There are 2 protein chains.
Amino acid sequence: MNKVIREAATILPLNQILDGDCIDLMNGLPAESVDLIFADPPYNLQLKGDLHRPDNSRVDAVDDHWDQFASFQVYDDFSREWLKAARRLLKPNGAIWVIGSYHNVFRLGAALQDAGFWILNDVVWRKSNPMPNFRGKRLTNAHETLIWAAKSEDSKYTFNYEALKALNEGIQMRSDWVLPICTGHERLKDDNGDKAHPTQKPESLLHRILIGTTNAGDVVLDPFFGTGTTGAVAKKLGREYIGIEREAAYREVAEKRLKSVRKFDRSSLEVTTSKRAEPRVPFGQLVERGMLSPGEELLSMNGRYRAKVRADGTLIGNDVKGSIHQVGAALEGAPSCNGWTYWCYKRDGKRVPIDLLRQQIRAEMVERPN
Amino acid sequence: MNKVIREAATILPLNQILDGDCIDLMNGLPAESVDLIFADPPYNLQLKGDLHRPDNSRVDAVDDHWDQFASFQVYDDFSREWLKAARRLLKPNGAIWVIGSYHNVFRLGAALQDAGFWILNDVVWRKSNPMPNFRGKRLTNAHETLIWAAKSEDSKYTFNYEALKALNEGIQMRSDWVLPICTGHERLKDDNGDKAHPTQKPESLLHRILIGTTNAGDVVLDPFFGTGTTGAVAKKLGREYIGIEREAAYREVAEKRLKSVRKFDRSSLEVTTSKRAEPRVPFGQLVERGMLSPGEELLSMNGRYRAKVRADGTLIGNDVKGSIHQVGAALEGAPSCNGWTYWCYKRDGKRVPIDLLRQQIRAEMVERPN
DNA sequence: GCCGCAGTTGAATCGCGCC
DNA sequence: TGGCGCGATTCAACTGCGG
């Protein structure tokens, strides 16, 4: 801990959870005293009725009072006020992370820019296990967006390029991060065994943020502390934290959690690493990418059957419609069929297995596990 | 081309590129005449000096005059004006796609919401081959963001759920799409052999958008047409397009490109459809036709409940009377139940789902529609 | 202890047409 | 135009139990 931090510590309520409204409390703290802010504000989801899964079970929606706003205008006023208070607290070279979904993140991003923050990246948290779209009316909402911004255009912000590169197996870290949502033992439960907080963030996400954009000893503030994921990871990684949370139930869970956290917990470093098999390539992608055209004919490897490619990546042959696997199986009268090795196409009079196209796509993907 | 489209064609400049300012031109077109808008507006990149690669070669940045705006305020005014004109053009059930990067997309998204559009999804285009961050000062900017929004909250927007699911090998399409940037033969060159447009989008992106959110024959408008990717894919897929582009050089490249594009043949454009589109068959018809007899017993799929068929096509089981759906729901204590997939009957000692009888009727209907 | 299977769950702006 | 009723719709993980 260097001298500056030690002095600040006499004023700053380090490693504590403050009880109350984040705007009031931030306005009461000394200006230019914080290195990084992580903020997970209410998303302002505008949910109407209940939603049921196809098996008729009810989805436990986020319908808490703290997520309700009367209008975009009210939400914007709130956002601009807490962002203003947050910006005042940041040191000149400080930075902020904000997370949101399409319901609120565009308003949040515009408010950040208007407040004088300088956006450095937007980062996509691609969820490996999102909730599906049960009604089939939209795309699976499989990601959330984070915005990383410096206090101002000329801030000398912290970016640990090499550390993130190392986390990413030697390849420069990209703006899309694949991480699982918070489940299992990490997900905190209340006394009834229900989830303690409806939107607890995974520690892996905060781990990457704090490793990449803070140094040991830095002061990290979270104005929407919830169950304290930011504090837990900060403590593990040797950063100082300040939490603000107005709901007593969340504060209690967070206090208990933080007591049991130890610095340099090695196991937490392993959270983000996971092995992955070869990435799945949908056949439809060959069509979208023009490697095969709708209307083009495929030939079975044994030369016995033909089928035509359709615009949605299905085949039609002998009146059978379906995936490359389904049509292959139907034509052969087999229970199953690997379409990738069954079909080929013609180029310059030669038969070429479609699997070669898949290999080409995989080579381009250079997929990283995380 | 059906009657409605033919009439509209007398007013709408279909399959043309209009020369001029998109706001003026959109205001001159008839209201509620367009099914889908795809817009790739200027990104308002705020680039300072030149950028060089580690080998000192200069990066060819987007520094065209059309991408320069004096301030966020000016950019917002511009965005809100073209969005207003665009919204007027959309049919009540129409929708819009907008693409942007962190420089502009937050402002665009907020403007969309303020204009009354209803966001359906934000979609991340994850680039398989992005430009690296040469200076190591930020994360590799490896994605762009698309916003899909309906004209209003109660628009009955087009979503070809099954077609997108087919494109994704039978798994529901997610909000993150991995696609390569536009390179190689697809990337259009000018007479000097330089790229004809700095931000040409890949056809694969438009293919997915048009397959997923339009039907054949729909009118698709692109107010920032550029080199005409939207038009090219629309033509291939049998959609009508309207392009607007004020730069003569881009219009020329696009005209040439569109002339050489051919529509895919009819059958390959057919796409996997949802059950919802199939004709409704009342359960009573199975009784009328003698496929099931009054008094016959049905068994629930899980084997737990029985019910008796009545002459009017209702069921009675455990003192509950009503439709196959109502009785199923009541017995299971569920909010709803699809009776077609819930009940089966016995034939030769085997359980047969009643849905097979419905499929039989539907098959006959295709042969003799009336 | 390991494997398989059944059950549960996650920041969700999640019908439509007829009368 | 509001109410009612048909009937369509899910993926990846993790938990716990039984063999």
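A, B, ... follow the sequence lines: proteins, then strands. Residue 1 opens every chain. These values consider heavy atoms only, across backbone and side chains, with no hydrogens, waters or symmetry-generated copies. Owing to the predicted nature of the structure, the values given are computational and were not obtained by experimental measurement.
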Report the nucleotide, chosen from [options], that has the shortest atom-to-atom distance to any side-chain atom of [X].
X        : options                : answer
A:Leu45  : C:dG10, D:dG7, C:dA11  : C:dA11
B:Ile171 : D:dA12, D:dC6, D:dA8   : D:dA12
A:Ala61  : C:dA12, D:dT10, C:dA11 : C:dA12
A:Val62  : D:dT10, C:dG10, C:dA12 : C:dA12
A:Ser57  : C:dC14, D:dA8, C:dT9   : C:dT9
A:Val59  : D:dT9, C:dA12, C:dA11  : C:dA12
B:Asn338 : C:dG10, D:dA8, C:dT13  : D:dA8
B:Gln326 : C:dA11, D:dC6, D:dA8   : D:dC6

Exercise. Salt bridge check: are B:Arg276 and B:Glu162 linked by an N-O gap of less than 4.0 Å?
Worked result: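 B:Glu162 and B:Arg276: not salt-bridged.
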Would you say the base of [N] and the side-chain of [X] have a donor-acceptor pair closer than 3.5 Å?
X        : N      : result
B:Ser274 : D:dA8  : no
A:Asp60  : C:dA12 : no
A:Arg53  : C:dG10 : yes

For this session: Report yes if some heavy atom in the side chain of B:Trp118 is under 4.5 Å from a heavy atom in the side chain of A:Gln46; otherwise report no.
Result: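 They are in contact (side-chain heavy atoms under 4.5 Å apart), so the answer is yes.
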Look at all strands and tell whether [X] reaches a base, only sugar-phosphate, or nothing, counting heavy atoms closer than 4.0 Å.
X        : value
B:Arg358 : sugar-phosphate
A:Lys201 : base
A:Lys48  : nothing
A:Gly226 : nothing
B:Cys337 : base
A:Asn44  : nothing
A:Asp40  : base
A:Val105 : nothing
B:Glu278 : nothing
B:Arg174 : nothing
A:His185 : sugar-phosphate
A:Pro41  : base
B:Ile119 : base

Problem set entry | Distance (rounded to the nearest 0.5 Å) between B:Asp114 CG and B:Leu83 CG |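 It is 10.0 Å, given to the nearest 0.5 Å.
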Do any side-chain nitrogens or oxygens of [X] fall under 4.0 Å of OP1 or OP2 in [N]?
X        : N      : result
A:Ser101 : C:dA11 : no
B:His325 : D:dG7  : yes
B:Lys165 : D:dT10 : yes
A:Arg58  : C:dC14 : no

Problem set entry | side chain to side chain donor-acceptor pair (under 3.5 Å) between B:Asp122 and A:His143, intermediate numbers included | CA-CA 9 Å; B:Asp122 60 334; A:His143 73 276; 3.0 Å; yes
Length of the line joining [X]:[atom1] and [N]:[atom2], which is rounded to integer Å:
X        : N      : atom1 : atom2 : value
B:Asp154 : D:dG2  : CG    : C1'   : 15 Å
B:Trp340 : D:dA8  : CH2   : P     : 9 Å
B:Glu153 : C:dA12 : CD    : P     : 18 Å
B:Asp122 : C:dA12 : CG    : C1'   : 13 Å
A:Ile181 : D:dA13 : CD1   : P     : 10 Å
B:Trp118 : C:dG15 : CH2   : P     : 13 Å
A:Lys189 : C:dT9  : NZ    : C1'   : 10 Å
A:His197 : C:dT9  : NE2   : P     : 19 Å

Problem set entry | Residue pair B:Arg87 / B:Ser152, side-chain donor-acceptor N/O under 3.5 Å |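 Side-chain D/A pair, B:Arg87 to B:Ser152: absent.
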For this session: State, without any angle test, whether A:Asp77 and A:Gln73 hold a side-chain donor-acceptor pair at a distance under 3.5 Å.
Result: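 There is such a pair between these side chains.
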Taking [atom1] in [X] as the centre, count heavy atoms belonging to other residues, nucleotides or ligands within less than 6.0 Å. Is the count above 12?
X        : atom1 : result
A:Asp191 : CG    : no
A:Lys195 : NZ    : yes
A:Lys256 : NZ    : no

Exercise. Should stems be defined as at least three consecutive Watson-Crick or G-U pairs with both distances under 3.5 angstrom, which of them involve DNA chain D?
Worked result: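 Stems for DNA chain D, defined as runs of 3 or more consecutive pairs: C:2-10 with D:11-19, C:15-19 with D:2-6.
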Problem set entry | Residue whose closest nucleotide on DNA chain D lies nearer the 5' end, B:Tyr161 versus B:Pro335 |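 Counting from the 5' end, the first nearest nucleotide belongs to B:Pro335.
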For this session: Measure from the ring center of A:His207 to the ring center of A:Trp177 and say whether it is less than 6.0 Å.
Result: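 Centroid distance A:His207-A:Trp177: not below 6.0 Å, so no.
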For this session: Would you please test B:Asn318 and B:Tyr305 for side chain to side chain donor-acceptor pair (under 3.5 Å) and show each step?
Result: CA-CA 8 Å; B:Asn318 277 19; B:Tyr305 298 102; over 6 Å; no
Contacts under 3.5 Å, N or O only, protein and nucleotides 17-19 of chain C:
none

Exercise. Between A:Tyr75 and A:Arg107, is there a cation-pi geometry (under 6.0 Å to ring centre, at most 45° from the normal)?
Worked result: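 Not flagged: A:Arg107 not positioned over aromatic ring of A:Tyr75.
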How are the rings of [X] and [Y] set relative to one another: parallel (under 30°), tilted (30 to 60°) or perpendicular (over 60°)?
X        : Y        : answer
A:Phe78  : A:Phe69  : tilted
A:Trp148 : A:Trp97  : parallel
A:Trp66  : A:Tyr250 : perpendicular

Problem set entry | Members of residues 127-148 of chain A that approach DNA chain C, where some heavy atom sits under 4.0 Å away |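 A:Asn129, A:Pro130, A:Met131, A:Pro132, A:Asn133, A:Phe134, A:Arg135, A:Lys137, A:Arg138, A:Asn141, A:Glu144, in order of number.
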Problem set entry | C:dT13 to D:dA8 separation - P atoms, rounded to the nearest Å |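 Taking atom P in both C:dT13 and D:dA8, they lie 23 Å apart.
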Problem set entry | C1' gap between C:dG1 and D:dC17, integer Å |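 The same atom, C1', in both gives a distance of 14 Å.
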Exercise. Base of C:dT13 relative to its sugar, syn (within 90° of 0) or anti?
Worked result: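 In terms of base orientation relative to the sugar, C:dT13 is syn.
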Exercise. Between the main-chain N or O of A:Thr314 and the side-chain N or O of A:Asp312, is there a donor-acceptor pair closer than 3.5 Å?
Worked result: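 Between the backbone of A:Thr314 and the side chain of A:Asp312 there is a qualifying donor-acceptor contact (under 3.5 Å).
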